[in-house]
Student: 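Can you read through this structure? Questions will come right after.
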Amino acid sequence: MNDRDQACGAIFDMDGTLLDSYHAHQRAWQDTMREFGIDYTSSEFRRHFGRRNEEIIEDIFECLGRPKPDPHVMQEIADRKEVQFRSVVVDDCSEMPGTTGLLTALHREGWKLAVGSSAPRANVELALELLGVKQLVDATVCGCDVERGKPEPDVFLEAARRLGLEPRHCLVVEDAPAGIEAAHRAGMPAVGIRCPHQTADLSAAEQVVDSFDECPESELRKLIKEHES
């Protein structure tokens with residue numbers, strides 16, 4: 001079997017990787033916390049961006065000197081924030097540079113594509129519809145599908161399983177250090193995409209780009225082959 005005959009898989013994070021949803025998430029958090037009488041600033045959101053909802057809520061209350069909310073209230077806040085996000089993101093998002101072009105090129109070359117995200121499934125499905133790429137994606141894995149979040153490898157291992165591929169035949173595309181670590185724990189190389197709204201250390205990734213226009217299909221296939229050897 002030559003290199004072109006082996007099916008390859010690309011597993012993408014969603015927020016900050018395929019979709020530039022930074023401002024939509026910020027607005028959703030601010031609107032939600034305002035309902036609870038909390039003024040949530042842009043600088044606080046910048047510090048929290050990319051973290052799990054539970055961690056964000058705990059830190060907000062801790063910084064205010066308030067006791068940690070009980071699990072029922074935590075879930076209520078998180079659920080209301082995600083509902084608010086889905087109402088906002090329809091008019092306040094854009095694709096990360098080169099997203100649709102890369103997904104289309106990989107699909108055309110026979111790659112199997114997946115999304116591996118900590119976001120709720122409703123968010124992922126909506127994002128794929130907004131990007132117009134739902135028909136290109138073969139599998140989605142969300143936070144509710146695995147027991148452990150990133151940097152544990154569960155989400156990417158499950159994505160590879162759903163694609164019907166061995167992990168060594170897949171790569172991960174991420175915008176966060178925890179996601180890159182999760183990819184490596186899963187035995188996959190990682191491509192880091194720089195987020196324009198924050199500076200994260202992506203140096204552990206095998207390749208770091210500012211735009212997916214810098215990711216020709218042949219180079220991504222080469223990353224997998226080099227990682228296997």
Side-chain angles (χ1 to χ4, degrees), residues 7-25 28 49-50 82 85-146 150 155-165 167 169-176 179-180 182-183 186 188-197 202 205 207-221 223-224:
C8 291
I11 306 169
F12 293 82
D13 179 46
M14 177 58 69
D15 290 300
T17 300
L18 293 178
L19 191 73
D20 185 356
S21 53
Y22 182 92
H23 293 295
H25 277 293
F49 185 60
E82 297 304 343
F85 169 77
R86 289 191 289 274
S87 71
V88 170
V89 74
V90 174
D91 299 313
D92 191 7
C93 74
S94 60
E95 69 171 47
M96 292 294 285
T99 290
T100 54
L102 177 60
L103 292 179
T104 301
L106 294 179
H107 179 76
R108 184 174 59 244
E109 292 297 328
W111 285 61
K112 295 186 177 182
L113 306 179
V115 171
S117 171
S118 300
R121 180 165 299 280
N123 292 17
V124 173
E125 295 295 332
L126 176 59
L128 292 177
E129 289 180 7
L130 293 173
L131 291 169
V133 298
K134 191 172 184 178
Q135 74 282 3
L136 303 178
V137 176
D138 302 290
T140 58
V141 181
C142 305
C144 61
D145 297 321
V146 295
K150 306 168 190 177
V155 66
F156 296 139
L157 291 173
E158 177 62 16
R161 187 191 70 80
R162 294 186 183 188
L163 291 177
L165 297 174
H169 296 314
C170 299
L171 60 78
V172 167
V173 186
E174 264 280 357
D175 71 313
I180 292 169
M188 306 175 189
V191 175
I193 177 77
R194 293 188 182 94
C195 176
H197 308 290
L202 306 179
Q207 183 178 358
V208 180
V209 299
D210 294 303
S211 166
F212 290 134
D213 295 329
E214 302 171 30
C215 294
E217 184 271 343
S218 59
E219 287 298 315
L220 296 184
R221 190 178 293 271
L223 277 182
I224 292 178

Student: Who passes side chain to side chain contact (heavy atoms under 4.5 Å, CB included) against Glu125, sequence neighbours left out?
Tutor: Arg121, Lys134, Thr140
Student: Between Gln207 and Cys215, what is the shortest heavy-atom contact and its length?
Tutor: NE2-SG, 4.5 Å
Student: What distance separates Ile193 CD1 from Thr99 OG1, expressed to the nearest 0.5 Å?
Tutor: 7.5 Å
Student: Nearest 0.5 Å, what's the OG-CG distance between Ser21 and Leu130?
Tutor: 10.5 Å
Student: Work out which heavy atom in Lys150 is nearest to a heavy atom in Ser117; give both atom names and the distance.
Tutor: NZ-CA, 4.2 Å
Student: Please evaluate residues Phe12 and Val133 with respect to the criterion side chain to side chain contact (heavy atoms under 4.5 Å, CB included), reporting the C-alpha separation (whole Å), side-chain torsions for both, the decisive distance (0.1 Å), and the verdict.
Tutor: CA-CA 12 Å; Phe12 293 82; Val133 298; over 6 Å; no
Student: Tell me every residue that passes side chain to side chain donor-acceptor pair (under 3.5 Å) with His169, counting only those two or more places apart in sequence or in another chain.
Tutor: Glu228
Student: Can you measure from CG (Leu128) to CG (Leu19) and round to the nearest 0.5 angstrom?
Tutor: 9.0 Å
Student: What's the verdict on side chain to side chain contact (heavy atoms under 4.5 Å, CB included) for Glu217 and Arg108, showing C-alpha distance, side-chain angles and the deciding distance?
Tutor: CA-CA 10 Å; Glu217 184 271 343; Arg108 184 174 59 244; over 6 Å; no
Student: In chain order, what residues pass the ring-ring contact (aromatic ring centres under 6.0 Å, His included) check against Phe85, with sequence neighbours excluded?
Tutor: His25
Student: Could you tell me whether the side chain of Leu103 reaches within less than 4.5 Å of the side chain of Leu18, counting heavy atoms only?
Tutor: yes
Student: Measuring from atom SG of Cys93 to atom CG of Leu131, what distance do you get when rounded to the nearest 0.5 angstrom?
Tutor: 6.5 Å
Student: If I take atom CG from residue Leu157 and atom CD1 from residue Ile11, how far apart are they, to the nearest 0.5 angstrom?
Tutor: 8.0 Å
Student: Excluding sequence neighbours, so at least two apart, what forms side chain to side chain contact (heavy atoms under 4.5 Å, CB included) with Ala205?
Tutor: Ile180, Ala190, Val208
Student: Which atom pair, heavy atoms only, marks the closest approach of Met188 to Pro167?
Tutor: CG-O, 3.4 Å
Student: List for me each residue that meets side chain to side chain donor-acceptor pair (under 3.5 Å) alongside Thr104, sequence neighbours excluded, and say none if there are none.
Tutor: none
Student: Atom CZ of Arg221 and atom CG of Leu223: how far apart are they, to the nearest 0.5 Å?
Tutor: 12.0 Å
Student: Check Cys170 against Ala160 and note the closest heavy-atom contact, atom names and distance.
Tutor: SG-CB, 3.9 Å
Student: Taking only residues two or more places apart in sequence or in another chain, which ones pass side chain to side chain contact (heavy atoms under 4.5 Å, CB included) with Ser87?
Tutor: Gln84
Student: Evaluate the side chain to side chain contact (heavy atoms under 4.5 Å, CB included) criterion for residues Trp111 and Leu171: first the C-alpha distance (whole Å), next the side-chain angles of each, then the deciding distance (0.1 Å), finally the verdict.
Tutor: CA-CA 11 Å; Trp111 285 61; Leu171 60 78; 3.9 Å; yes
Student: Once side chain to side chain contact (heavy atoms under 4.5 Å, CB included) is applied, do any residues pair with Asp92, and if so which ones, sequence neighbours excluded?
Tutor: His23, Ala24, Val88
Student: Applying side chain to side chain donor-acceptor pair (under 3.5 Å), name anything that partners Thr100, two or more places apart in sequence or on another chain.
Tutor: Glu95
Student: Which atom names give the shortest non-hydrogen contact between Val137 and Ala139, and what distance separates them?
Tutor: CG1-O, 3.3 Å
Student: Taking only residues two or more places apart in sequence or in another chain, which ones pass side chain to side chain donor-acceptor pair (under 3.5 Å) with Thr17?
Tutor: Asp13, Asp175
Student: Please determine whether side chain to side chain contact (heavy atoms under 4.5 Å, CB included) holds for the pair His197 and Phe49, giving the CA-CA distance in whole Å, both sets of side-chain angles, and the decisive distance to 0.1 Å.
Tutor: CA-CA 10 Å; His197 308 290; Phe49 185 60; 5.8 Å; no
Student: Got a sec, which residues hit salt bridge (charged side-chain N to carboxylate O under 4.0 Å, His left out) with Arg162, two or more places apart in sequence or on another chain?
Tutor: Asp145, Glu158
Student: Determine whether Pro196 and Met96 make a side-chain contact, defined as any pair of heavy atoms from C-beta on separated by less than 4.5 Å.
Tutor: yes
Student: Please report the closest heavy-atom contact between Ile224 and Gly9, naming both atoms and the distance.
Tutor: CD1-O, 4.1 Å
Student: Do Val173 and Leu102 make a side-chain contact, defined as non-hydrogen atoms from C-beta onward lying under 4.5 Å apart?
Tutor: no
